Novice: 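My structure is below; once you've seen it, I'll send some questions.
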Protein chains: 2
Amino acid sequence: MIDGVLKILSGKWSLPVLAELVHGKKRFNQLKRSLGNVNAKALSDTLKHLESHGIIQRQVVFTVPVTVEYSLTEKGQSFRAVFHEMGRWGEQWNQE
Amino acid sequence: MIDGVLKILSGKWSLPVLAELVHGKKRFNQLKRSLGNVNAKALSDTLKHLESHGIIQRQVVFTVPVTVEYSLTEKGQSFRAVFHEMGRWGEQWNQE
DNA sequence: CAGTATCCATAATGATACTG
DNA sequence: CAGTATCATTATGGATACTG
């Protein structure tokens, strides 16, 4: 039952990307910088994966040059509860 | 802050292994079968990783042949809350 | 900026065989 | 049973170049 959830979260960068986006919308290169060591392809693949599951949405802003903003969908927003529990757990058991 | 948590959960099999162990203690090959497509090395590495973070514990039972039981530590038990939220999320948004 | 494409080095995975 | 060792395959990472 939880298998479906784990499948969505599978992939090295899914959770880290979501963790970034719970803070609000971010652009491609902004995410890339925050995550530190993803390469463009890995990030691109991860974003498509999450988008295909309806967890994040991609919005093109027609500036010059264009910018693309990624943000959580309603479905993605509801995932905050999971992160919240992770945070609580981290506070309780870890130092950092 | 949540980074430490994600680090612990990193690795393809960490979450699936934990998902198995929340149901109770399991033996090595039992986990291997449940997870379907892990190979011994990957599972072994994952178990060591989780054990090193104090999330699961390894107990050797001196039968013939020996069996080794893996179970959640107190720290691991407290992670159930996270899985619980994942489950809720899955129920709300996914079919399976 | 936001990607895609490519080449290359390195890490992770899987299958199989083997040991205490 | 619970692993370790080994080898082949695959995935991932990093650098660089290129496009709309």
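Throughout, protein chains are lettered first and strands after them, A, B, ... in sequence-line order, and every chain is numbered starting at 1. Values below: every heavy atom of this structure, side chains too, minus hydrogens, waters and symmetry copies. This is a predicted model, so every value here is computed, not measured.
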Novice: What's the separation between atom CD in A:E69 and atom CG in A:L31, rounded to the nearest 0.5 Å?
Specialist: 11.0 Å
Novice: Report the residue (A:V68 or B:A40) whose heavy-atom-nearest nucleotide on DNA chain C is the more 5′ of the two.
Specialist: A:V68
Novice: How long is the line joining CD of B:Q59 and P of D:dA2, in whole Å?
Specialist: 13 Å
Novice: Where is the tightest heavy-atom contact between B:H49 and B:I8, given as atom of each residue plus distance?
Specialist: NE2-O, 2.9 Å
Novice: May I ask you to verify if any side-chain N or O of A:R27 is less than 4.0 angstrom from the OP1 or OP2 atom of C:dA2?
Specialist: yes
Novice: Using a strict 4.0 Å threshold on nitrogen-to-oxygen distance, state whether B:K41 and B:D45 make a salt bridge.
Specialist: yes
Novice: Using whole Å, report how far CG of B:L47 lies from C1' of D:dA2.
Specialist: 11 Å
Novice: So, A:R88 and A:E85, do they make that salt bridge, N to O below 4.0 Å?
Specialist: yes
Novice: Which whole-number value in Å describes the distance from A:K41 NZ to C:dT10 P?
Specialist: 20 Å
Novice: To the closest 0.5 Å, what do you measure between CD (B:Q59) and NZ (B:K25)?
Specialist: 5.5 Å
Novice: By nearest atom, which of the nucleotides D:dC1, C:dG3, C:dA15 is closest to the B:N39 side chain?
Specialist: C:dA15
Novice: For B:F62 and D:dA2, what is the distance between atoms CZ and P respectively, to the nearest whole Å?
Specialist: 13 Å
Novice: From NZ of A:K32 over to P of D:dG13, roughly how many Å is that when rounded to an integer?
Specialist: 12 Å
Novice: Can you tell me the base-pairing partner of D:dA11? Count Watson-Crick or G-U wobble geometry only, both distances below 3.5 Å, and say none if there is no partner.
Specialist: C:dT10
Novice: Ignoring the backbone of A:V66, work out which of D:dG3, D:dG20, C:dT4 is nearest its side chain.
Specialist: D:dG20
Novice: Whether B:E51 and B:R58 form a salt bridge (side-chain N of Lys/Arg under 4.0 Å from carboxylate O of Asp/Glu) is what I want to check.
Specialist: no
Novice: By nearest nucleotide on DNA chain D, pick out whichever of B:R33 and B:D45 is the more 5' one.
Specialist: B:R33
Novice: Under 4.0 Å, heavy atoms only, any strand: does B:A42 hit a base, just the sugar-phosphate, or nothing?
Specialist: nothing
Novice: Does C:dG20 have a Watson-Crick or wobble partner in any strand here, with both distances under 3.5 angstrom, and which is it?
Specialist: D:dC1
Novice: With respect to the side chain of B:N29, which nucleotide from D:dG3, C:dC1, D:dC1 is positioned closest?
Specialist: D:dC1
Novice: Distance check needed: D:dA11 P versus A:L43 CG, whole Å only.
Specialist: 19 Å
Novice: Between D:dT4, C:dG3, C:dT4, spot the one nearest the side chain of B:S44, thanks.
Specialist: D:dT4
Novice: Does D:dG3 have OP1 or OP2 sitting under 4.0 Å from an N or O in the side chain of B:R58?
Specialist: yes
Novice: Taking only the side-chain nitrogens and oxygens of B:K12, find out if one of them lies under 4.0 Å from OP1 or OP2 of C:dA11.
Specialist: no
Novice: Looking at B:K48, I'd like to know whether one of its side-chain N or O atoms comes within less than 4.0 Å of OP1 or OP2 on D:dT4.
Specialist: yes
Novice: Distance check: side-chain N/O of A:Y70 vs OP1/OP2 of C:dC1, anything under 4.0 Å?
Specialist: no
Novice: OP1 or OP2 of D:dG13 versus the side-chain N and O atoms of A:W13: is any pair under 4.0 Å?
Specialist: yes
Novice: From C-beta outward on B:F28, which listed nucleotide comes closest to its side chain: D:dG3, C:dA2, C:dT4?
Specialist: D:dG3
